[in-house]
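Notes follow once the structure below has been shown.
Treat the numbers as computed from the prediction; the structure is a model and nothing was measured. We count residues from 1, following the sequence as given.
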Amino acid sequence: MSSVNLNTSFLFHQGSRSRSPTFHLFHTLTKLPISSITTKKPQKVLTKEDVLKGKDENKESEKPAFNFKSYMVNRATTVNQALNDAVSLREPQKIHEAMRYSLLAGGKRVRPVLCLAACELVGGTEAMAMPAACAIEMIHTMSLIHDDLPCMDNDDLRRGMPTNHKVFGEDVAVLAGDALLAFAFEHMAVDTAKAGVPPARIVRALGELSKAIGAEGLVAGQVVDIASEGIADVGLEKLEFIHVHKTAALLEGAVVLGAILGGGSDDEVERLRKFARCIGLLFQVVDDILDVTKSSEELGKTAGKDLVADKVTYPKLLGLEKSREFADELNKDAQAQLAAFDPDKAAPLVSLANYIAYRQN
């Protein structure tokens, strides 16, 4: 496997040679003029210990260190309260119980926090992005409910709890996912307008979200993932396609929505889009590594299920060491996109990238 090229510039560079099918479809998904990633010096990459402690000992001594742990706890608390308020327990009671069961079951809330951080980075406020942040989490939860169904991954454990269909039955689980998807768009459209965001930004953001989760985004990745099970010759290009769409598209959507709703310039939105592409793929590479190195108790979900299902993963194709090298490259390239922003305002996104890179579950 030593011949594998782990340079992540394939995500952005359009050379003279013909594009691979994966790259072409990723380009179609984002509809961007692709250019090479900049070679600016990236933000300082923290160690795993720095991230967990919220410290950066190389920071200037007169500046207080950004406390990432405190930031995430505060933001997750705020997001959880907003989700609880948005999806209240009302009639029909059973469907709302099922929606709330999975939506409020915990989780790291990485996607909504990314949305809020991107909005504030470009000059917006928390109130401008909170409905979109909640919508992203509702859609993410929908994807988990459906992904766990017997007709999909057939899983019994999610976030340390029985999966939705194990508690409410397959029929209600399907409907709970459908209801969360529909309500996500309603909540984002109505409540973002209440926050005073201009209608043009809301419409643009809704379009971005639709593309991220539809037949050119999350659904596309899921379909190809299912079709690839048990196939021996699945290569890196198809694996990239699966995860760029199934996992990275929603993370990218979270960041881009925040930037749009916060009033970011076109240049700022595209820089943050590139940042999000890298951390989106990084999230999946790390997920694949954890799936074969951690227990079910440590993960809060069934460990080793990809191996049992004979799914292709980065460790399976590259080996663990090369997969870790690839994750490092993605993290560095993601943070290079943040060099153009004020470092203090970019600190949450820098730390979030490191958190994704070094997470243990």
Measure the spacing between [atom1] of [X] and [atom2] of [Y] and express it to the nearest 0.5 Å.
| X | Y | atom1 | atom2 | result |
| --- | --- | --- | --- | --- |
| E137 | C115 | CD | SG | 11.0 Å |
| Q93 | L89 | CD | CG | 4.5 Å |
| L282 | D328 | CG | CG | 9.0 Å |
| R90 | H96 | CZ | NE2 | 4.0 Å |
| L239 | D288 | CG | CG | 6.5 Å |
| M188 | I139 | CE | CD1 | 8.5 Å |

In the structure I gave you, are the side-chain heavy atoms of [X] and [Y] within less than 4.5 Å of one another anywhere?
| X | Y | answer |
| --- | --- | --- |
| I279 | L352 | no |
| D287 | R359 | yes |
| T77 | Q81 | no |
| D156 | D148 | no |
| R158 | N164 | no |
| V292 | T313 | no |
| I145 | M142 | no |

Are [X] and [Y] linked, directly or through other ILVMFWY residues, by side chains that come within less than 4.5 angstrom of each other?
| X | Y | answer |
| --- | --- | --- |
| L290 | L251 | yes |
| M99 | L144 | no |
| V269 | F275 | no |
| I202 | V256 | no |
| F183 | F185 | yes |

* To do: Please step through salt bridge (charged side-chain N to carboxylate O under 4.0 Å, His left out) for the pair D266 and R204, ending with a clear verdict.
  => CA-CA 12 Å; D266 288 344; R204 182 182 175 189; 3.8 Å; yes
| task | Evaluate the ring planes of H243 and Y314, with Trp represented by its six-membered ring, and classify them as parallel (under 30°), tilted (30 to 60°) or perpendicular (over 60°). | result | tilted
TODO: Indicate the ring-plane relationship of F66 and F68, choosing parallel, tilted or perpendicular according to the 30° and 60° boundaries.
DONE: tilted
Using modelled atom types and a 3.5 Å cut-off, is there a donor and acceptor pairing between side-chain atoms of [X] and backbone atoms of [Y]?
| X | Y | answer |
| --- | --- | --- |
| R159 | S102 | yes |
| H245 | F241 | yes |
| E120 | A118 | no |
| N84 | N80 | no |
| R277 | A248 | no |
| S351 | P348 | no |
| H146 | V174 | yes |

Identify whether the distance between the nearest side-chain nitrogen and carboxylate oxygen of K94 and E97 falls below 4.0 Å. no
- Looking at E268 and R271, does any basic side-chain N land under 4.0 Å from a carboxylate oxygen? no
Looking only at heavy atoms, what is the nearest atom pair of [X] and [Y], with distance?
| X | Y | value |
| --- | --- | --- |
| I95 | P92 | CG2-O, 3.2 Å |
| A205 | L257 | O-CD1, 3.5 Å |
| S323 | G319 | OG-O, 2.8 Å |
| A327 | V286 | CB-CG2, 4.5 Å |
| A105 | M161 | CB-SD, 3.8 Å |
| K246 | D147 | NZ-OD1, 4.1 Å |

| message | Could you check whether atom NZ of K345 has more than 12 heavy atoms from other residues, nucleotides or ligands sitting under 6.0 Å from it? | response | no
Discussion item. Test side-chain contact (heavy atoms from CB on, under 4.5 Å) on L272 and Q337; report intermediate values, then the result.
Written reply: CA-CA 7 Å; L272 288 171; Q337 295 303 317; over 6 Å; no
>> Let's go through E126 and R75 carefully: what are the C-alpha distance in whole Å and the side-chain angles of both, what is the deciding distance for side-chain contact (heavy atoms from CB on, under 4.5 Å) to 0.1 Å, and is it a yes or a no?
In response: CA-CA 10 Å; E126 180 182 285; R75 278 296 163 87; 3.3 Å; yes
- Between F341 and L349, does a side-chain contact (heavy atoms from CB on, under 4.5 Å) hold up when you go through it step by step? CA-CA 11 Å; F341 295 95; L349 290 180; over 6 Å; no
The remaining residues in the hydrophobic cluster of V190, counting side-chain heavy-atom contacts under 4.5 Å among Ile, Leu, Val, Met, Phe, Trp and Tyr, are none
The test is side-chain contact (heavy atoms from CB on, under 4.5 Å); show your working for L317 and V312 and say whether it passes. CA-CA 7 Å; L317 287 183; V312 64; 3.4 Å; yes
